[in-house]
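Structure first, then comments.
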Amino acid sequence: MKKRLSNIVGPGNVSDNPVDLEAYSYCGSETKLKPDVVVWPQNTDQVRRIMLYANQTHTPVVIRGSGTSLVDGCVGEKAAILSSERMNKIIKLDLKNKLIEVEAGIRIKDLNNALGEFKAVFPLIPFNHVKTIGGMLALNAATKESQHLGRMLDWVEEIEFVDGTGKYYYTKKKEIVLGREGLTGFITRAKLRISEQPVISIDVFSFTQLLEILKKVRLLKKDVELYFLEFLDKKTAQELGFDNGYVLLAGYTSLKGKNKNVLEVRKLLEKLDSTHSLLRSKGYYYLQDPFVSLEKTYDLIEWCEKNNVRLHGHAGFGLFYAYFSKEDKNLLKTFRSFIRRINGVFGKGFGYGLANKDFVSPIKKKELIKLKDEYDYNNILNPDKVISYR
Ligand SMILES: Cc1cc2nc3c(=O)[nH]c(=O)nc-3n(C[C@H](O)[C@H](O)[C@H](O)COP(=O)(O)OP(=O)(O)OC[C@H]3O[C@@H](n4cnc5c(N)ncnc54)[C@H](O)[C@@H]3O)c2cc1C
């Protein structure tokens, strides 16, 4: 297999070296699934030829961006890992029309560093800065800014991809691959909308009573200038240096927030951004992405507090991040049942992959099967992830 693949991508872009196989056996979770080979295509035609080869030989292909999936989305036993890492160029920047065309393997941080020179930004900024644009598109990712700006879907004009049968598309029909977790095609390029760097101000609200938070969230959600609305549990807020109590950080697209000076705003954003590394450094190791209604947010926060589970997230649209310590692995199971009981789900943040497969709705399953029938009927791409197909 290595020889055939190296004829397509060149010998330096394919490996079955044990060290590489070990490195690509993991993603952001603990699961280990060892691939047979890792391939780094450098252009769309190579991706197309790899896909044709995989169809002929019935080789399972697992698509990988930066490999930070927390739901085992980018690892596969005996699979060929198809990595976008060496397809990371900016193709075209059109400042006048606020558009940028990029290869899928570019990391969000690198993209925004480059755009920063032109005082522009791709404004959906996740708290994991190494995500690739391909990974964000495959998950139709949401970030704190999604409160005001929507998800990835709202920021893509056109998308180039190669489907599971080796066919090439450059299309406005984004929904074929967007949010499909690599089940229908390998995204090679995308034309994205960009914006000017936003001017924002921030209010910090502290609460001692849970009910007060929900009241405030309800009120703020009606504000058309609300840019983001982030929740921090009591302990995490304190450790980050905020006042005692639960904290809500409300960002606005105007200067009506108390913190409006550039330095003040930057400092608050940096604090917020450091939440994940703070929690990891405190031993909170396992991460879950509960999505609940506003009515059930109360129950979620209360449960987490009682069980010493750290919680932060996008209070305005119900997507949270819950952190468990290594000793609490068993508590995770209880938590997942609890979320089901309060009609919440997992997967709206991190995707479904393997770990959240049991939360895929029947409608979504049906939709994916239909897409598989059309774009990957040999089930080459990310087999067994999200749904069981054939
Ligand atoms: C510290 C940390 C924080 C995180 N925070 C968030 C968060 O706030 N919100 C959130 O949504 N997720 C978060 N995640 C999860 C993860 O970062 C996201 O799932 C991210 O979108 C993955 O990007 P990636 O480039 O690492 O893709 P990978 O992890 O490599 O792949 C993710 C999925 O996308 C598919 N995929 C990747 N590239 C392509 C492509 N070019 N074409 C088609 N399919 C592709 C893969 O097959 C896989 O199913 C976090 C993870 C970590 C480790």
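For ligands, and for the atoms within them, numbers begin at 1 and follow the listed sequence.
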*Of the protein's non-hydrogen atoms, which lies at the shortest distance from atom 16 (C) of ligand 1, and what is that distance?*
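Ranked first by proximity to atom 16 (C) of ligand 1 is T68 OG1, 3.4 Å.
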*Closest non-hydrogen protein atom to atom 42 (N) of ligand 1, residue and atom name please, with distance?*
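Scanning the protein heavy atoms, the shortest distance from atom 42 (N) of ligand 1 goes to I187 N, 2.9 Å.
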Polar side chain donor-acceptor pair, [X] to [Y], under 3.5 angstrom:
X: E103; Y: T188; answer: no
X: K167; Y: T165; answer: yes
X: E305; Y: Y246; answer: yes

I'd like to check which ligand 1 atoms, numbered from 1 as shown, lie under 4.0 Å from a non-hydrogen atom of [X].
X: F186; result: 42 (N)
X: L139; result: 19 (O), 21 (O), 32 (C), 33 (C), 34 (O)
X: R64; result: 30 (O)
X: A104; result: 41 (N)

Could a heavy atom of [X] be found less than 4.0 Å from some atom of ligand 1?
X: G353; value: no
X: Y321; value: yes
X: G135; value: yes
X: G67; value: yes

*Does ligand 1 have a heavy atom under 4.0 Å from the side chain of H276, from its backbone, from both, or from neither?*
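The part of H276 near ligand 1 is the side chain, not the backbone.
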_Part of S69 within contact of ligand 1 (heavy atoms, under 4.0 Å)_ =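 It is both backbone and side chain that touch ligand 1.
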_Counting only nitrogen or oxygen atoms and a 3.5 angstrom limit, does A141 reach ligand 1?_
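N/O-N/O distance below 3.5 Å does not exist for this pair.
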Taking the inter-plane angle between the rings of [X] and [Y] on a 0 to 90° scale, is it parallel (under 30°), tilted (30 to 60°) or perpendicular (over 60°)?
X: W303; Y: F324; result: tilted
X: H276; Y: Y323; result: tilted
X: H314; Y: F317; result: parallel

*Looking only at non-hydrogen atoms, which of S83, P126, S66 approaches atom 24 (P) of ligand 1 most closely?*
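The residue whose heavy atom sits nearest atom 24 (P) of ligand 1 is S66.
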*With respect to atom 43 (C) of ligand 1, which of A142, S277, G185 exhibits the smallest heavy-atom separation?*
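Among A142, S277, G185, the closest heavy atom to atom 43 (C) of ligand 1 belongs to G185.
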*Can you check whether G185's main-chain N or O pairs, donor with acceptor, with D163's side chain at less than 3.5 Å?*
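No: the side chain of D163 does not pair with the backbone of G185.
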